[in-house]
Amino acid sequence: MNNPSTPVTDITTSIQDGVVAAVKSLYDHDTAAAQVNISTTRKEYEGDFSVVVFPYTRVAKKKPEAIANDIGNYLVAHLPELTSFNVIKGFLNLVLDKSFWNKFLLNVAMQEDFGKGAAKNSTVMVEFSSPNTNKPLHLGHVRNILLGWACTQILEKAGYKVIKSQIVNDRGIAVCKTMLAWQKFANGATPASTNTKGDKFVGSYYVRFAKEIAAEYAAWQDTAVGQKVFAELGKEGQSAADFFKSYKDKYFNDYSVLGKEAKALLLQWEANDPAVVALWKKMNNWVYEGFEVTYNALGVSFDKLYYESNTYLLGKDMIQKGLDQDVFQQEGKRVFIDLEDKKLGVKTVLKSDGTSTYTSQDIGTARLRYEDFGMDKVVYVVGDEQNNHFQVLFEILKQLGEPYAAGLHHLSYGMVDLPTGRMKSREGTVVDADDLIAEVIEEARKGTEERGDVGAFSEEEQTAIIQQIGKAALKYFIVKVNPKKRMVFDPKESVDMQGNTGPYIQNAYVRSKAVLHKVGQADIALAAQYLDIKPVEQEILITLHSYPGLIQNAAEQYDPSIIASFAYDLAKLYHKFYHDHQIMRAESPEAKAFRLAVSQTTAQVLKSSMQLLGIEMPKRM
RNA sequence: GGCUCCGUAGUUCAAUGGAUAGAAUAUCAGAUUUCGGCUCUGAGGGUUGCAGGUUCGAGUCCUGCCGGGGUCACCA
């Protein structure tokens, strides 16, 4: 039963196993250890862990209190770590020997890699960020990136081999619109010549195209052709404005001069026209340079990049395989899958001209990834508006019998709203990622200067600390929310330093480090003799004890918010501990040594858990 | 309309089917302070959208409503 990642130390599994044995021995009934309901004892009762015994009333045919007594006696007799128990209703509260906690702290929690799960011999690819090359990153991407990054860190810590990847949407009509606008209106300007960040520079031409075509469209509406179209196709009683609003796409395809040029560019690109491809490469590289700056600011990186320009034609052989296996149906050149029975509708995978779709691309890309890495799990970090797409994709890959099909997961997250409502590009309420990062850092700078407590450091150190604080505020604010929930991002609250925030946790870390710095390292031999563990100290130990299990939970559920709450709880407890107990002038040398060990471990675990969220700890604040 | 996710203090968020639903923030009251701003202590604040059901036990599971989001493309 001894899992290498959780040696003797994981007392909860010992208790669960003990309960299984007790139930077998007392009532001759088999239960699974995982089914044993165990939790930490609530503060108002005596004990460390509690077992809920209600589930055994049926097999024992006794009152819950009697069962709890039976099992309690059995456990105390069989588990040396247990000293006593008490029973309240159906709850069996178990009291552990103080030496258990002492040993746990000194022998287990203090280990450098505490929390690290046993190697799982399983490779998981996490796909996140996955931007378009015609738009700079915004607040929505920030949530995606932070969630994705945190997942990679958590999975790695849990014992998986992790590949960080993104697929760049670098082709298509939108990209051609941007290129066209640059050709027509830039006069050869570059990011360097205009001193503009590359992605912003390119993005501005995408916006420029939208403006130009809107003007073109408006002018066309007054022409004889435009009026004729309205007269012929406009519905009874429909205003010209309403009609032309709904006619926009049709106009782009059938009448627009700019639209025609953009489409011609796309055809040239697909035909590998050297001049077009060269321009495309040049502009995309500007974008990548810009993205790199933002990724660096957020502290994320990737192992493998996929480009849609390389993958958009993939998947045809998979489609053929699916046709051979009768997974897909065909109608002329069009290939589709009928998933009505799964309530997922009918999805086209190849269009009637035989060209690819989003679905076929993703089928091909999944296969390519498997050939590249042989992973058995893939996590797609993508917004919840694509739930249907991924359900269909996963179902198809399953029916095709892909070996990794059982390990596919869509980490679907909700949109980020502003207090004023949804972000809308048309109304200019989109929060730019770079602006946001700059803003939180600026706010951190103001806060730090007001308190004036980094004055002793060099300019360089101050800047580093301020950046760490600002980024922590932003990252923690976003990642503490359960991913699947739509969240409200209040810029004001995001830079708060008080309460349930990143800087608050950083503060606990800095405080514990300062204690160690001032008072010295823990004397382990001396600390081992301290058994009069105080309630707050005990709470810290119980919290630390839960860390490895929570990492596994967070990895299984792909939910970084679990780690965020853990870090906050630990920070809060440490602040309280610091407030309640003397360290330097502790009542005994043993107590002092023990409290230093608590401080040291808390510092290390705070750092470790925040690192899982992509948050750095400053040296001082 | 079909499918799906969400609905918890004023607000933003917690709560492996377990004990009296918790934090933060805002508010109020004290304390402290050169400050209406920083810090500390405390208080109030809830029929967990509604109605049923399952269970020893439901915020959590099931059914039906109500409200909100998303999605129902030969776009990506």
Side-chain angles (χ1 to χ4, degrees), chain A residues 12 34-45 47 50-58 63-64 67 88-93 130 132 134 167 169-175 249 308 312 331-336 339-340 342-362 382-392 412-415 417 419 421-422 447 450-453 477-478 480-490 492-494 496-501 504 546 549-550 552-553 556-557 559 561-562 564-566 568-569 572 575 579:
Chain A
T12 53
Q35 300 300 311
V36 175
N37 196 320
I38 184 168
S39 57
T40 53
T41 304
R42 293 178 68 109
K43 261 189 281 181
E44 54 269 40
Y45 305 108
S50 297
V51 175
V52 183
V53 304
F54 285 110
Y56 311 115
T57 48
R58 202 160 293 154
K63 285 196 174 13
I67 298 167
I88 292 167
K89 292 193 263 176
F91 296 88
L92 168 60
N93 300 327
S130 304
N132 297 332
N134 48 1
I167 182 156
N169 184 356
D170 62 343
R171 60 164 287 281
I173 190 69
V175 172
D249 287 351
E308 202 190 291
Y312 82 110
E331 226 178 45
K333 280 190 181 172
R334 175 180 175 238
V335 179
F336 62 96
L339 291 172
E340 285 299 354
K342 299 254 188 308
K343 294 187 172 174
L344 294 172
V346 175
K347 194 66 120 191
T348 299
V349 291
L350 286 188
K351 300 178 206 164
S352 40
D353 62 0
T355 57
S356 60
T357 63
Y358 185 32
T359 310
S360 70
Q361 286 175 41
D362 266 3
V382 182
D384 60 7
E385 67 272 14
Q386 293 197 33
N387 284 349
N388 178 264
H389 167 73
F390 283 103
Q391 281 173 1
V392 170
S412 161
Y413 61 90
M415 199 165 283
D417 288 319
R422 192 172 172 166
E450 258 172 44
R451 289 195 300 274
D453 44 16
F477 186 86
I478 286 182
K480 75 175 175 186
V481 181
N482 185 320
K484 74 180 169 193
K485 286 201 179 181
R486 202 177 169 114
M487 67 175 288
V488 174
F489 182 86
D490 187 336
K492 265 203 306 241
E493 271 182 49
S494 74
D496 271 352
M497 312 276 156
Q498 261 63 53
N500 186 358
T501 65
Y504 175 85
S546 70
L550 288 179
Q552 297 298 324
N553 284 353
E556 273 164 38
Q557 294 169 40
D559 183 0
S561 69
I562 294 172
S565 333
F566 166 83
Y568 175 63
D569 286 342
K572 203 164 54 162
H575 278 306
H579 181 262

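Below, read A as the first sequence line, B as the second, and so on, with proteins coming before strands; counting in each chain starts at 1. As the structure is a prediction and not an experimental result, all values here were calculated from the model.
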> Could you give the distance separating B/rG1 and B/rU55 at their P atoms, to the nearest angstrom?
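Nearest-Å result for B/rU55 against B/rG1 at atom P: 33 Å.
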
> Grab the CG-P distance between A/Leu339 and B/rC72 for me, whole Å please.
15 Å

> NA contact type, A/Met487, heavy-atom cut-off 4.0 Å: base, sugar-phosphate, or nothing?
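Sugar-phosphate, no base atom in range.
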
> Could you identify the nucleotide paired to B/rU16, looking across every strand shown and requiring Watson-Crick or G-U wobble geometry with both distances under 3.5 Å?
none

> For A/Pro55, answer base if it contacts any base atom (sugar-phosphate contacts may also be present), sugar-phosphate if it contacts only those atoms, and nothing otherwise; contact means non-hydrogen atoms under 4.0 Å.
base

> Atom CE of A/Met497 and atom C1' of B/rU39: how far apart are they, to the nearest Å?
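So the two atoms are 17 Å apart, to the nearest Å.
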
> With heavy atoms under 4.0 Å as the rule, sort A/Val52 into base, sugar-phosphate or nothing.
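It contacts base atoms.
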
> Looking across every strand, which nucleic acid part, if any, lies under 4.0 Å from A/Ile38 by heavy atom: base, sugar-phosphate, or nothing?
base

> Check every atom of B/rG18, B/rA76, B/rC3 against the side chain of A/Lys343 and return the nucleotide holding the closest atom.
B/rC3

> Output the rounded distance in Å from CG (A/Asp417) to P (B/rG68).
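The answer, rounded to whole Å, is 15 Å.
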
> With nearest nucleotides of RNA chain B determined for A/Glu493 and A/Gly499 from heavy-atom distances, which residue corresponds to the more 5′ nucleotide?
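Going by which nucleotide is closer to the 5' end, it is A/Glu493.
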
> Can you tell me if A/Phe54 is stacked onto the base of B/rG18, using a 5.5 Å centroid cut-off and an angle below 30°?
yes

> Check this for me: does the side-chain of A/Asn37 come within 3.5 Å of the base of B/rG18 through a donor and an acceptor?
yes

> Has A/Arg486 got a side-chain N or O lying under 4.0 Å from the OP1 or OP2 atom of B/rG7?
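No, no such contact exists.
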
> What's the CG-P distance between A/Asn388 and B/rA76, to the nearest Å?
15 Å

> Is the distance from OP1 or OP2 of B/rA24 to the nearest side-chain N or O of A/Lys480 less than 4.0 Å?
no

> For B/rU27, what is the paired nucleotide under Watson-Crick or G-U wobble rules, both distances under 3.5 Å?
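The base-pairing partner of B/rU27, which may sit in any strand shown, is B/rA43.
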
> Take atom CE of A/Met415 and atom P of B/rG68, then tell me their distance rounded to the nearest Å.
17 Å

> I'd like to know whether A/Asp559 forms a side-chain contact (heavy atoms from CB on, under 4.5 Å) with A/Asn482, so could you lay out the CA-CA distance, the side-chain angles of the two residues, the decisive distance to 0.1 Å, and finally the verdict.
CA-CA 7 Å; A/Asp559 183 0; A/Asn482 185 320; 4.0 Å; yes

> Rounded to whole angstrom units, what separation is found between the CD atom of A/Glu340 and the P atom of B/rG2?
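Rounded to whole Å, this separation is 14 Å.
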
> For B/rG37 versus B/rU27, give the span between their P atoms, rounded off to a whole number of Å.
10 Å

> Heavy atoms under 4.0 Å, any strand shown: does A/Glu308 hit a base, just sugar-phosphate, or nothing?
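Contact class for A/Glu308: sugar-phosphate only.
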
> With both distances kept under 3.5 Å, what pairs with B/rU32, Watson-Crick or G-U wobble?
none

> So is the aromatic ring of A/Phe91 stacked onto the base of B/rG18, judging by whether the centres are under 5.5 Å apart and the planes are under 30° apart?
no

> Classify the ring geometry of A/Phe489 against A/Phe477: parallel below 30°, tilted from 30° to 60°, perpendicular beyond 60°.
perpendicular

> Write down the partner of B/rU55 under the Watson-Crick or G-U wobble criteria, each distance required to be under 3.5 Å.
none

> Could you give me the CA-CA distance, side-chain angles and deciding distance for A/Arg486 and A/Asp417, then say whether side-chain contact (heavy atoms from CB on, under 4.5 Å) is met?
CA-CA 7 Å; A/Arg486 202 177 169 114; A/Asp417 288 319; 2.6 Å; yes

> Give none if B/rG2 has no partner; otherwise give the nucleotide forming a Watson-Crick or G-U wobble pair with it, both distances under 3.5 Å.
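Matched B/rG2 with B/rU71 under the 3.5 Å cut-off.
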
> Give me the distance, rounded to whole Å, that separates B/rG64 from B/rC3 when you measure between the P atoms they each carry.
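Here B/rG64 and B/rC3 have their P atoms 9 Å from each other.
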
> Considering only the C1' atoms, how many Å lie between B/rC56 and B/rU11, rounded to the nearest integer?
37 Å

> Does A/Gln557 put a side-chain nitrogen or oxygen below 4.0 Å from OP1 or OP2 of B/rU16?
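No, A/Gln557 has no side-chain N/O under 4.0 Å of OP1/OP2 on B/rU16.
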
> Could you check whether any side-chain N or O of A/Thr357 sits under 3.5 Å from a backbone N or O of A/Val349, counting only pairs where one atom can act as donor and the other as acceptor?
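Such a contact is found between A/Thr357 side chain and A/Val349 backbone.
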
> In whole angstrom, give me the gap between the P atoms of B/rA9 and B/rU4.
26 Å

> 5'-most contact on RNA chain B: A/Asn500 or A/His389, nearest heavy atom basis?
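Its nearest nucleotide being more 5', the pick is A/Asn500.
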
> Please measure how far the C1' atom in B/rC38 lies from the corresponding atom in B/rA23, and state the result in whole Å.
22 Å

> Across the strands shown, which category fits A/Tyr568 at heavy-atom distances under 4.0 angstrom: base, sugar-phosphate, nothing?
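Since only primed, P, OP1 and OP2 atoms lie under 4.0 Å of A/Tyr568, the category is sugar-phosphate.
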
> For A/Arg171, report the nucleic acid contact type (base, sugar-phosphate, nothing); a contact means any heavy atom under 4.0 Å.
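Nothing, no heavy atom under 4.0 Å.
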
> Can you tell me if the side-chain N/O atoms of A/Lys485 get under 4.0 Å from OP1 or OP2 in B/rG7?
yes

> Taking any heavy-atom pair under 4.0 Å as a contact, classify A/Thr357: base, sugar-phosphate, or nothing.
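Sugar-phosphate contact only.
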
> Should A/Asn388 and A/Lys347 be marked as a side-chain contact (heavy atoms from CB on, under 4.5 Å) after you check the CA-CA gap, both sets of side-chain angles, and the distance that decides it?
CA-CA 10 Å; A/Asn388 178 264; A/Lys347 194 66 120 191; 3.5 Å; yes

> How is A/Asn93 classified with respect to the nucleic acid when contacts are heavy atoms under 4.0 Å: base, sugar-phosphate, or nothing?
base

> Take atom P in B/rC13 and the same atom in B/rA73, then report the distance between them in whole Å.
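Per the computed distance, 31 Å lies between those P atoms.
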
> Tell me which nucleotide among B/rA76, B/rC74, B/rA14 gets nearest to the side chain of A/Ser352.
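Output: B/rC74.
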
> Classify A/Ser50 by what it touches in the nucleic acid, base, sugar-phosphate, or nothing, heavy-atom distance under 4.0 Å.
base

> Is there a Watson-Crick or G-U wobble partner for B/rC50 with both distances under 3.5 Å, and if so, which one is it?
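For B/rC50, the partner nucleotide comes out as B/rG64, under the 3.5 Å rule.
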
> Whole angstrom is fine here: how far is it from CD in A/Glu385 over to P in B/rU4?
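Atom-to-atom, A/Glu385 to B/rU4, this comes out as 19 Å.
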
> Decide yes or no for A/Phe91 and A/Val52: does some side-chain heavy atom of the first lie under 4.5 Å from some side-chain heavy atom of the second?
yes

> I need the single residue from A/Val36, A/Thr41, A/Asn37, A/Asn93 that forms a side-chain contact (heavy atoms from CB on, under 4.5 Å) with A/Val51. Which is it?
A/Val36

> Take atom C1' in B/rG42 and the same atom in B/rC50, then report the distance between them in whole Å.
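Approximately 36 Å lies between the C1' atom of B/rG42 and that of B/rC50.
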
> Would the base of B/rC56 count as contacting A/Thr57 through its side chain, where contact means a donor and an acceptor less than 3.5 Å apart?
no

> When the distance from CG of A/Asn387 to P of B/rC6 is rounded to whole Å, what number comes out?
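Result: 11 Å.
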
> Can you tell me if A/Arg422 touches the phosphate of B/rG70, counting only side-chain N or O atoms and a distance under 4.0 Å to OP1 or OP2?
yes

> Respond yes when some side-chain nitrogen or oxygen of A/Lys347 is under 4.0 Å from OP1 or OP2 of B/rA73, and no when none is.
no

> Phosphate oxygens OP1/OP2 of B/rU20: is one of them under 4.0 Å from a side-chain N or O of A/Lys89?
yes

> Treating A/Lys480 as the side-chain partner and A/Tyr568 as the backbone partner, does any N or O pair qualify as donor plus acceptor under 3.5 Å?
no

